[in-house]
Amino acid sequence: MRFSMALRWLLALVPVLVLAMVFSSHVVAQSDPPSGQITAAPRSGDDHAIEVRIEGIFSELEGLESISVSVKSGVVDLAGTVTESVLAKRAEALAGRVAGVVAVQNSIVEETALEERLVPVYERLQSRVFQGISYLPLLVVAVLVLMFAGFTGFLIARLEWPWNRLAPNAFVADLLRQLIRIFFLISGVVLALDVLGATAVIGTLLGAAGIVGLAVGFAVRDTVENYIASIMLSIRQPFSPKDFVRIEGHEGFVISLTSRATILMEADGNHIRIPNAIVFKSTIINYSTNPQRRFVFELGVDSDSDLDEALEVGLETVRGQDFVLREPSPDAWINKLGDSNVVLTFAGWIDQNRTDFLRARSEAMRLVKGALEDRGFSLPEPIYRLRFDGGALDALNRGSEPRKKPVRTAGKKPAVKANDTEADRELEKRVDEERKAAHVGDLLDDEAPKEFGAAGEPR
């Protein structure tokens, strides 16, 4: 009974299972295929439409006309020859973008025949020649604009006013003129490029100019530094032509100030060239700014001497010379106590326009020494004390004789009249000749403002 009941239930479920299997197979057939698989092959009509579409595109593009196209099941096969590999890649990219294309097989070969390779080059050259000819009127207008701007800047830069009035000296005025010329020239280039429709080139030119300017700036840093120092020195001149100066340990007469260096002539006649960057940063001693200059020298007298009398004798001797100025008055003082003498210092003032400094100092030393010796003052040499044992001292005494001191002749007096101390103008004449020979490019100007006026008074 139970077995028959189970058999009936089983027979009733069979139709249900059959229907379920049919339904599931239908659902699987209707679901999406796995990725990368083609659900159905395109129809032959679609392949033909894709082929026509691609051939139409290639026929409109230069260099792709000779490519043959065949399409089968959505796969495009490209064949033929091109003159450049770039065209083959371009054809493949264009074919891949057409609707319905599944894949592209590129069988295009690059042309190697010389005459075929030269054809596109010739065509491009011909096209550019024709394009250049069409641009000739605009090019002529651009050139005229550039010439007009440059000529205008040249005329404005040639004017004496206002550049000479605005600038403190001729060098700065010339610098302003150069800047005006450059400004108008750059403006002309910009306008000419605007006429040609090539304003995009301006950015490229400015970028390249910035990079080149930076590289050149590092390369000529010292030159630029000297040039800027030349401008500063020419604006506020610390010295004038033919001034006797001391710069970085070098002494000499100023010949000229160029855009890079200061030229000196030392007392021996040699030329000294000092870069302006060093001159601008150095301590400058100008001996010619104040015509009054003091000479100083030292003399040592015996430590047992009457120092007041020695100072008075030396001071009266200096004061009695014609080349020594009365105002400021000469002076004398005790400088230091030496090992075997007392060092006295004497000083006097001269006018450098009439008196040579070195000659005056030399004569003052000679005359003061003679006056002190004439009044009985000794100018001792350094004394050294040596110690010997008994035997060596006796042998030294037996083998040596006492040295006799020189005796001054009675009635003989030292010279009290100075020799010629007139200023030597020969070197200044040579400086004048050098300045005349190298006057071009000299930045020194007698009319330019000086850091110090006459007699050392600041302006």
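Quick caveat, the model's predicted, so the values are computed rather than measured.
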Exactly one of Val101, Val102, Asn106 should register a side-chain contact (heavy atoms from CB on, under 4.5 Å) with Val76. Which one does? Val101

Short side-chain to backbone donor-acceptor contact, Asn290 and Gln292, under 3.5 Å: yes

Inspect the contact between Glu316 and Arg375 and indicate whether a charged nitrogen and a carboxylate oxygen are less than 4.0 angstrom apart. no

Min side-chain heavy-atom separation Lys369-Met365 under 4.5 Å: no

With under 30° as parallel and over 60° as perpendicular, where do the rings of Phe295 and Phe357 fit, or are they tilted in between? perpendicular

Criterion side-chain contact (heavy atoms from CB on, under 4.5 Å) on Val254 and Val245, from CA distance to verdict: CA-CA 7 Å; Val254 177; Val245 298; 3.8 Å; yes

Beyond-backbone contact of Gln352 with Ser288, side-chain heavy atoms, under 4.5 angstrom: no

For Gly80 and Ser68 the tightest heavy-atom approach is N-OG, 4.4 Å

Going by the rule salt bridge (Lys or Arg N to Asp or Glu O under 4.0 Å), which residues pair with Asp351 if we only count those two or more places apart in sequence or in a different chain? Arg354

Using the rule side-chain contact (heavy atoms from CB on, under 4.5 Å), only one of Asp304, Asp302, Leu299, Ile334 pairs with Val342; which is it? Ile334

Tell me the closest heavy-atom pair linking Phe377 and Ser305, and the distance in Å. CD2-CB, 3.7 Å

Any side-chain donor paired with an acceptor under 3.5 Å for Ser282 and Glu248? yes

Would you say the side chain of Gln321 lies within less than 4.5 Å of the side chain of Leu367, judging by non-hydrogen atoms? yes

Side chain of Thr289, backbone of Phe239: donor and acceptor closer than 3.5 Å? no

At their closest point, which heavy atom of Phe280 faces which heavy atom of Ala229, and how far apart are they? CB-CB, 3.9 Å

Name the residue from Leu315, Leu325, Thr317 that meets the side-chain contact (heavy atoms from CB on, under 4.5 Å) definition with Pro330. Leu315

Rounded to the nearest 0.5 Å, what's the gap from CZ on Arg158 to CZ on Arg181? Could you check? 9.0 Å

I want to check something: taking the side chain as every heavy atom from C-beta on, are Leu146 and Leu191 in contact at a cut-off of under 4.5 Å? no

Glu428/Lys242 salt bridge by N-O under 4.0 Å criterion: no

Looking at every heavy atom in both Ala347 and Arg294, which two are closest together, and how far apart are they? CB-CD, 3.8 Å

Look up atom CZ in Phe323 and atom OG1 in Thr355, then write down how far apart they are to the nearest 0.5 Å. 7.5 Å

In Å and rounded to the nearest 0.5 Å, what is the CD to OG distance from Glu65 to Ser59? 8.0 Å

Which heavy atom of Leu64 sits nearest a heavy atom of Leu87, and at what distance? CD2-O, 3.5 Å

Asp77 versus Ser107: any side-chain heavy-atom pair under 4.5 Å? yes

CD1/Ile274 to CZ/Arg260 distance, rounded to the nearest 0.5 angstrom? 14.5 Å

Taking atom CE of Met265 and atom CZ of Phe253, what is their separation to the nearest 0.5 Å? 9.5 Å

Do Arg293's NZ or CZ and the ring of Tyr287 fall within the cation-pi criteria of under 6.0 Å and 45°? yes

One should read off an interatomic distance between Leu427 CG and Phe244 CZ, to the nearest 0.5 angstrom, of 8.5 Å

Hey, does Glu434 have a side-chain heavy atom less than 4.5 Å from the side chain of His271? yes

So, Glu92 and Lys89, do they make that salt bridge, N to O below 4.0 Å? no

State whether the number of non-hydrogen atoms from other residues, nucleotides or ligands found under 6.0 Å of Arg53 atom CZ is greater than 12. no

Of the options Thr262, Thr258, Asn226, which is the one that meets Asn276 in a side-chain hydrogen bond (donor to acceptor under 3.5 Å, both in side chains)? Thr262

Nearest heavy atoms of Leu372 and Gly314, plus distance in Å: CD2-N, 4.4 Å

Would you say Arg435's side chain and Ile255's backbone share a donor-acceptor pair under 3.5 angstrom? yes

